[in-house]
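These numbers come from a predicted model, not from an experiment. Whatever order the structure lists them in is the order used to number ligands and atoms, beginning at 1.
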Amino acid sequence: MILEICQYGHPVLREKGVPVEAITPEIRQLAADMIETMYAANGVGLAAQQIGLAMRITVIDVAPSEIAWTGETTEGRALPMPLVLINPRLSDTTGEQAGEEGCLSIPAINAEIKRAEQVTVTATDLEGATLQFTCTGLLARAVQHELDHLNGVLFIDRMDAATRVSVAGKLKRMQKETLAELKKRKTALKG
Ligand code: ZN
């Protein structure tokens, strides 16, 4: 099922996710729906906050991309795509890369963002097993973007000051529109 993607201004995007305690059939279904939603929106990643749930689960697929990336599991296996990362954490962040970033929740804005070039990720997969991998390039960027979402952090928070100023008006408008839409729905439900 394709889920609705929460837009900038929705308060859930600023919430820290709670850990997923068990891999239930509901969690598996949620992951499947998030993957379907990500593909339908032509995204390379989607975090639970973006579909209205403050939980520590994200999906990523950079396989179709023409932008360079590498990633393999600690055992040297190729990473399964799409990736489902449950309760992920980062370690061994090294180097620096800068590249264009956008967000399915902030569709009108793209900006160059600095990220670590290489990161190691430890997460639980849908089988409940530990998945650990080290990655670079686009995949490392996607992982950092999505893990930020799980902490209520958005890529606009990582823009340099000048870029932030240049998009401030757009962001304000977007926030206003989202809040107006949420209010309208609330009223509709009451009526
Ligand atoms: Zn995003």
Side-chain angles (χ1 to χ4, degrees), residues 1-20 30-67 69 71 79 81-90 93 96-117 119 121 123 135-160 163-164 166-168 170-179 181-182:
M1 189 172 68
I2 294 173
L3 307 167
E4 189 185 353
I5 297 176
C6 296
Q7 297 298 296
Y8 180 72
H10 195 303
V12 73
L13 292 174
R14 289 305 191 180
E15 282 180 40
K16 268 194 174 175
V18 297
V20 174
L30 173 66
D33 289 344
M34 285 174 69
I35 290 166
E36 198 181 337
T37 304
M38 170 179 70
Y39 289 149
N42 290 317
V44 295
L46 190 72
Q49 273 80 348
Q50 293 180 278
I51 46 99
L53 294 171
M55 287 168 68
R56 304 191 78 78
I57 176 167
T58 179
V59 298
I60 292 172
D61 192 344
V62 294
S65 170
E66 285 169 15
I67 305 172
W69 58 278
L79 277 176
M81 291 281 167
L83 275 170
V84 177
L85 304 177
I86 296 165
N87 304 331
R89 51 198 165 80
L90 287 183
T93 59
E96 190 180 87
Q97 58 168 314
E100 185 91 348
E101 250 173 74
C103 180
L104 294 176
S105 295
I106 316 175
I109 292 171
N110 287 292
E112 188 168 281
I113 305 290
K114 281 185 182 144
R115 300 279 186 186
E117 169 56 23
V119 298
V121 183
C135 56
T136 66
L138 179 67
L139 181 54
R141 172 173 295 280
V143 160
Q144 291 170 84
H145 180 113
E146 299 313 326
L147 266 66
D148 267 355
H149 271 301
L150 302 185
N151 291 319
V153 175
L154 301 172
F155 84 108
I156 52 172
D157 305 338
R158 298 192 183 278
M159 284 175 177
D160 63 51
T163 312
R164 186 80 204 245
S166 75
V167 299
K170 241 182 193 175
L171 283 173
K172 214 170 188 175
R173 268 199 306 281
M174 223 185 283
Q175 184 170 37
K176 217 171 142 188
E177 277 169 25
T178 301
L179 290 174
E181 175 63 25
L182 290 175

Which is it for Ile109 and Met174 under the side chain to side chain contact (heavy atoms under 4.5 Å, CB included) test, yes or no, and what are the steps along the way?
CA-CA 11 Å; Ile109 292 171; Met174 223 185 283; 4.2 Å; yes

Positive for side chain to side chain contact (heavy atoms under 4.5 Å, CB included) with Pro82, one of Val59, Val62, Asp61, Leu46
Asp61

Check Val121, Leu85, Val44 against Ile60 for a side chain to side chain contact (heavy atoms under 4.5 Å, CB included) and give me the one that passes.
Leu85

Nearby protein N/O/S atoms (those under 2.8 Å) for the Zn ion (ligand 1), with water ignored
Cys103 SG, His145 NE2, His149 NE2

Quick one: salt bridge (charged side-chain N to carboxylate O under 4.0 Å, His left out) partners of Glu181, sequence neighbours excluded?
Lys184, Arg185

Filter on salt bridge (Lys or Arg N to Asp or Glu O under 4.0 Å), then keep only pairs touching residues 141-156, sequence neighbours left out; what's left?
Glu101-Arg141, Arg115-Asp148, Asp148-Arg158

Under the rule for side chain to side chain contact (heavy atoms under 4.5 Å, CB included), what residues qualify as partners of Gln7, not counting sequence neighbours?
Ile5, Pro107, Thr178

